[in-house]
Each structure stands twice: as structure tokens, then as C-alpha cells.
Amino acid sequence: MRLEISALADGWADFRLGPGADLMEARGSCLNDAIGELAVAGVRLRRGGPEARCAIVEEPGALVLVLRRDRDGGEQVQVSAFAVASFSDRSVMFAERSKRVLQGQCSVAELTKTIVSALRRVRDTYGSEEYRKRWRWPFPDTEFDSLSAL
């Protein structure tokens, strides 16, 4: 699993993510806290949750990530991304009705490690204060600490 977050400026961030070599790219807006939502999704799965969803808003559409554990509750996660035409809570809930743009799998441990590494790079690059100025949301310290401790 790979996750790169870069070019935080004026409420926008560039994302590259995907399992294996198949990466998708998105330019996310600060209309939602996509970075914080990714961290929350990682915590939810790491703590045993069966599914987590988060969105990268591209205005007016969004890329919705659906992270779902295997049905047996194992450690494998199915990673899917759907391109929705218009961002809303409803579009996140029903993302599977939209076009799938990415599919793959990884382990919960690999997902956690990937999110922690990406967050660490962002924090080390910008620091909490500059991060907030550029992204307009606070750095997800609580989730970062939780994922780092697991």
C-alpha cells in the first residue's frame, strides 16, 4: 500500500494512493478533512472495525475510499475507490453506485503503517501550525498517536 500527501497550499492537497503499483491521484479540497478522515479510517480498522469510509473532495465531485475487512473478520482489507459526481454524506454512503477507479487489498498492519508514514512526512514537512494554515484543519494528532502506538 502506498499513500503520498503533498503540495499542501491554499486549502488543497495532492494525494497518490493505492495498493501495489496501481496508484490513483486526486487533488483534494479542504471542504472536508480528507487527511483527518484517512487517519480516522485507519484507527477504526486497526481497532477491529469491519469497514471505514472517507472522501477526498475534488469539487464538485469526490473520490470515496471504501476500506472493508474480509468477511471472516481477518486482517486483510479490500481497498476500493469510487469517483462520485457530487460530494455529500449520501454520496459517501452509496459510493458503490458510482464508477470504481481503484481496487486492491492489503493487510490492516500495512494500511496502518502506510497512513502513519504519510502523516509523519506531512507533519515533519509542515509542522502543526503551518499545516493548519495550509490545509485549514488541525493535524490529526490524536489519531496519529493512536495509530503509532498500535
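Numbering starts at 1 and runs along the sequence shown.
Arg44 meets the side chain to side chain contact (heavy atoms under 4.5 Å, CB included) test with Val40, Ala52; sequence neighbours excluded. Here Cys106 pairs with Met1, Val79, Glu110, Leu111 under the side chain to side chain contact (heavy atoms under 4.5 Å, CB included) rule; sequence neighbours left out. Residues passing the side chain to side chain contact (heavy atoms under 4.5 Å, CB included) test with Thr142, sequence neighbours excluded: none. Among residues two or more places apart in sequence or in another chain, the side chain to side chain contact (heavy atoms under 4.5 Å, CB included) test is passed with Ala39 by Leu119, Pro140, Glu143. The salt bridge (charged side-chain N to carboxylate O under 4.0 Å, His left out) search around Arg16 returns Glu4, Glu25, not counting sequence neighbours.
If you check the side chains of Trp137 and Asn32, you find no donor sitting under 3.5 Å from an acceptor. Between the side chains of Ser107 and Glu75, no donor-acceptor pair of N or O atoms lies under 3.5 Å. Arg121 and Ser6 share no donor-acceptor pair across their side chains, judged by distance under 3.5 Å alone.
Both Ile35 and Leu147 are members of a single hydrophobic cluster when ILVMFWY side chains are connected at heavy-atom separations under 4.5 Å. Met24 is connected to Leu67 through a chain of hydrophobic side-chain contacts under 4.5 Å among Ile, Leu, Val, Met, Phe, Trp and Tyr, so both are in one cluster. Criterion: ILVMFWY side-chain heavy atoms under 4.5 Å apart, direct or through other members. Under it, Phe15 and Tyr126 are part of a common hydrophobic cluster. Connection of Phe139 to Leu38 is established within a shared hydrophobic cluster, with ILVMFWY side chains joined at heavy-atom distances below 4.5 Å, either directly or through further cluster members. Using a 4.5 Å cut-off between side-chain heavy atoms of Ile, Leu, Val, Met, Phe, Trp and Tyr, with links allowed through other members, Tyr131 and Ile56 fall into the same hydrophobic cluster.
Note: Lys113 NZ to Ser148 OG = 13.0 Å, rounded to the nearest 0.5 Å. The structure places CG of Asp70 at 6.0 Å from CD of Gln76, a figure rounded to the nearest 0.5 Å. In this structure, the separation between CG on Leu31 and CD on Glu58 is 12.0 Å, given to the nearest 0.5 Å.
Other residues, nucleotides and ligands place more than 12 heavy atoms under 6.0 Å from the CG atom of Asp141. Atom CG of Asp89 has 12 or fewer heavy atoms from other residues, nucleotides or ligands within 6.0 Å. Open room surrounds CD on Glu129; 12 or fewer heavy atoms of other groups in view lie less than 6.0 Å from it.
The side chain to side chain donor-acceptor pair (under 3.5 Å) test with Gln78 singles out one residue from Gln105, Arg71, Arg68, and that residue is Gln105.
Between Arg100 and Ser80, the shortest heavy-atom contact is NH1-OG, 3.0 Å. Nearest heavy atom pair, residue Arg69 against residue Gly49, reads NE-O, 2.9 Å. Residues Val116 and Phe144 come closest through the heavy atom pair O-CE1, 3.6 Å. Contact between Gly11 and Trp135 at its shortest, heavy atoms only, is O-CZ3, 3.9 Å. The two residues Leu17 and Leu102 have their closest heavy-atom pair at O-CD2, 3.9 Å. Between Ala83 and Ser98 the shortest heavy-atom distance is O-CB, 3.2 Å.
Taking a cutoff of 4.0 Å between a charged side-chain nitrogen and a carboxylate oxygen, Glu130 and Arg123 do not qualify as a salt bridge. Contact check on Arg53 versus Glu51 returns a salt bridge, with a Lys/Arg side-chain nitrogen under 4.0 Å from an Asp/Glu carboxylate oxygen.
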request  = Apply side chain to side chain contact (heavy atoms under 4.5 Å, CB included) to the pair Ile5 and Leu8, showing each step before the final yes or no.
outcome  = CA-CA 8 Å; Ile5 303 168; Leu8 262 65; 3.8 Å; yes
request  = List the steps, then state whether side chain to side chain contact (heavy atoms under 4.5 Å, CB included) holds for Gln103 with Phe82.
outcome  = CA-CA 9 Å; Gln103 184 171 357; Phe82 299 90; over 6 Å; no
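Between the Arg136 side chain and the Cys30 main chain, no donor and acceptor come within less than 3.5 Å of each other.
Membership of the apolar cluster around Phe94 extends to Met93, as traced through chained side-chain contacts below 4.5 Å between ILVMFWY residues.
Contact of the Arg2 side chain with the Leu23 side chain is registered, since non-hydrogen atoms from C-beta on lie closer than 4.5 Å.
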